[in-house]
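Structure record follows, encoded as structure tokens.
Residue numbers begin at 1 in each chain, while the letters A, B, ... track the order of the sequences.
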Amino acid sequence: MKILIADDEALSRRLLEKTLERAGYEVIAVENGRLAFEELCKPGGPRLALLDWVMPELDGPAVCRAVRVRSEQTYVYMVLLTSKGTKEETVLGLESGADDYLTKPFNAEELRARLRVGERILLLEDRLVEARENMRFRATHDPLTSLLNRGAVMDLLTRELHRSHREQKSTAIILGDVDHFKRINDTLGHLVGDEVLMEIANRLLGAVRSYDFVGRYGGEEFLVVLNSCDPAFAPTRAEEIRLAISHRPIQTAKGPLDLTMSAGLLLSSEWGVKTLEELLHQVDNALYQAKSAGRDCLRIASPAVRAEPPPAPLPQSVRLRH
Amino acid sequence: MNKEGQGLTEQVWNLAELLDRVDNDQELLRDLLNIFKEDFPRTMQSLESAVAAADLKEVSRLSHSLKGMLSSLGATRAAAAAAKLEALAAAGETASLRGALDALAHEAERLVPELNAYMAEVRR
């Protein structure tokens, strides 16, 4: 474990350094408070620190205060080294954010014991962070496929739509639904159905770029969001993603299965400012059209053309005629 | 008076305490003595100038540094003399600085030969 020592006096610093090395620590020794703060701010820097109270540039309590001001960073366990150890000084040191204090000259055994206390606190913090990260993952991901869950993918999509509108780009939304999925569950059982869903999730993830999103929208419905997608290529991309499901059989415990997917596609740039609900409703309509057209195909949700008669016989847009 | 009396019974150099602190590591001990030989005279010299200039802040800083160095080394009496000087500087007692510095120098005169003797002995 790494430990930082900050002491401006060379003899004490050397003594501390050697004592801690012997105790198995990886020691970083500096001679003033500013360097101490810099070391503690480095990514992967030490999380244990022994800081002398009186130091040039920044004194021990000032280093403690500076370290504590940083938020969202890993905890640093800091021990102040003082020579007086008066009650007032102790209170001042602890109030500045130090976890503990030791009076100099230190006793090696006591020093090691106090640092072990620090290690216990850091271990506790590690466990809490790990638990928090697990909870965060569970709250935003589908437990079966590990894809983003509906809530998380909607949040990301909302943000992405704002961004693409601001940057005048287009976000492509693809809603895909596995064809005749119910039959698998009914005839082969839910476990095989789960296997299929997991494999589909893998294939969808493999078919998109690292900055696109794939979420499980409902039972066998998947929502794919292609960020900053060139509208000219979107149908081709959507088709590639859709075909990733059918291009080869899905292996299951009950043998290989040939499956297809129907999908709806929507390009945000064609719709102007619309609510997320409206856009999802439209892409869902497109998916429904794909299903009605016999499944295993893609349909694009394009804004309906207004029925207002043009004031003059202007040539209609190319898209209208096709 | 009582306090002074206790001070007198303290050793000039507590070698046993130091050996305990370095875990009987002779190499480290030699290292520390070498640092001391280099840093101590230099700091004393600066301290002498600071006292002559009645620079309280500098006297406080340097005597604090000496206090740390001396106490780490187990030189209890000299460390106490440095602490006294630091306290006087902090209290702004300019008139008392000279006397306290002389006391520290006196302690150092007793300490340094002991350290030198030890180094000569272990080198053999």
Problem - Most contacts with chain A, counted as non-hydrogen pairs under 4.5 angstrom, among B:A79, B:G74, B:S72 - result: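 Most heavy-atom pairs under 4.5 Å with chain A: B:S72.
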Practice task
Among B:D39, B:L73, B:L66, B:D31, single out the residue with the greatest number of heavy-atom pairs under 4.5 Å to chain A.
Solution key: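 So the answer, after comparing B:D39, B:L73, B:L66, B:D31, is B:D31.
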Should [X] and [Y] count as side-chain neighbours, where that means a heavy-atom distance under 4.5 Å?
{"X": "A:P105", "Y": "B:R21", "answer": "yes"}
{"X": "A:K18", "Y": "B:D25", "answer": "yes"}
{"X": "B:V22", "Y": "A:L15", "answer": "yes"}
{"X": "B:L28", "Y": "A:R14", "answer": "yes"}

Taking atom [atom1] as the centre, does [X] end up with more than 12 heavy-atom neighbours from other residues, nucleotides or ligands that are less than 6.0 angstrom away?
{"X": "A:H165", "atom1": "NE2", "answer": "no"}
{"X": "A:Q168", "atom1": "CD", "answer": "no"}
{"X": "B:E27", "atom1": "CD", "answer": "no"}
{"X": "B:Q45", "atom1": "CD", "answer": "no"}
{"X": "B:E93", "atom1": "CD", "answer": "yes"}
{"X": "A:E109", "atom1": "CD", "answer": "no"}

Exercise for the section: Could you please state which residues from residues 20-36 of chain A sit under 4.5 angstrom from chain B, measuring non-hydrogen atom to non-hydrogen atom, sorted by number, or 'none'? Expected result: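 Within residues 20-36 of chain A, the residues under 4.5 Å from chain B are A:R22.
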Practice task
Taking all non-hydrogen atoms of both residues into account, name the closest pair between A:L11 and B:I35 and its distance.
Solution key: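 Heavy-atom minimum between the residues: N-CG2, 3.8 Å.
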Exercise for the section: Name the region of B:D23, side chain, backbone, both or neither, that has any atom closer than 4.5 Å to a heavy atom of chain A. Expected result: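 It is both, since atoms from each part get that close.
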Problem - Sorted by number, residues from residues 46-55 of chain B in contact with chain A (heavy atoms, under 4.5 Å) - result: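 Listed by number, there are no contacting residues, so the answer is none.
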Practice task
Taking salt bridge (charged side-chain N to carboxylate O under 4.0 Å, His left out) as the test, write out the residues that go with A:D155, two or more places apart.
Solution key: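 Salt bridge (charged side-chain N to carboxylate O under 4.0 Å, His left out) list for A:D155, sorted by chain: empty.
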Problem - salt bridge (charged side-chain N to carboxylate O under 4.0 Å, His left out) against A:R132, all qualifying residues, sequence neighbours excluded - result: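 A:R132 satisfies salt bridge (charged side-chain N to carboxylate O under 4.0 Å, His left out) with no residue once adjacent residues are dropped.
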Problem - NE2 on B:H64 to CE on A:M55, rounded to 0.5 Å - result: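 The CE atom of A:M55 sits 9.5 Å away from the NE2 atom of B:H64.
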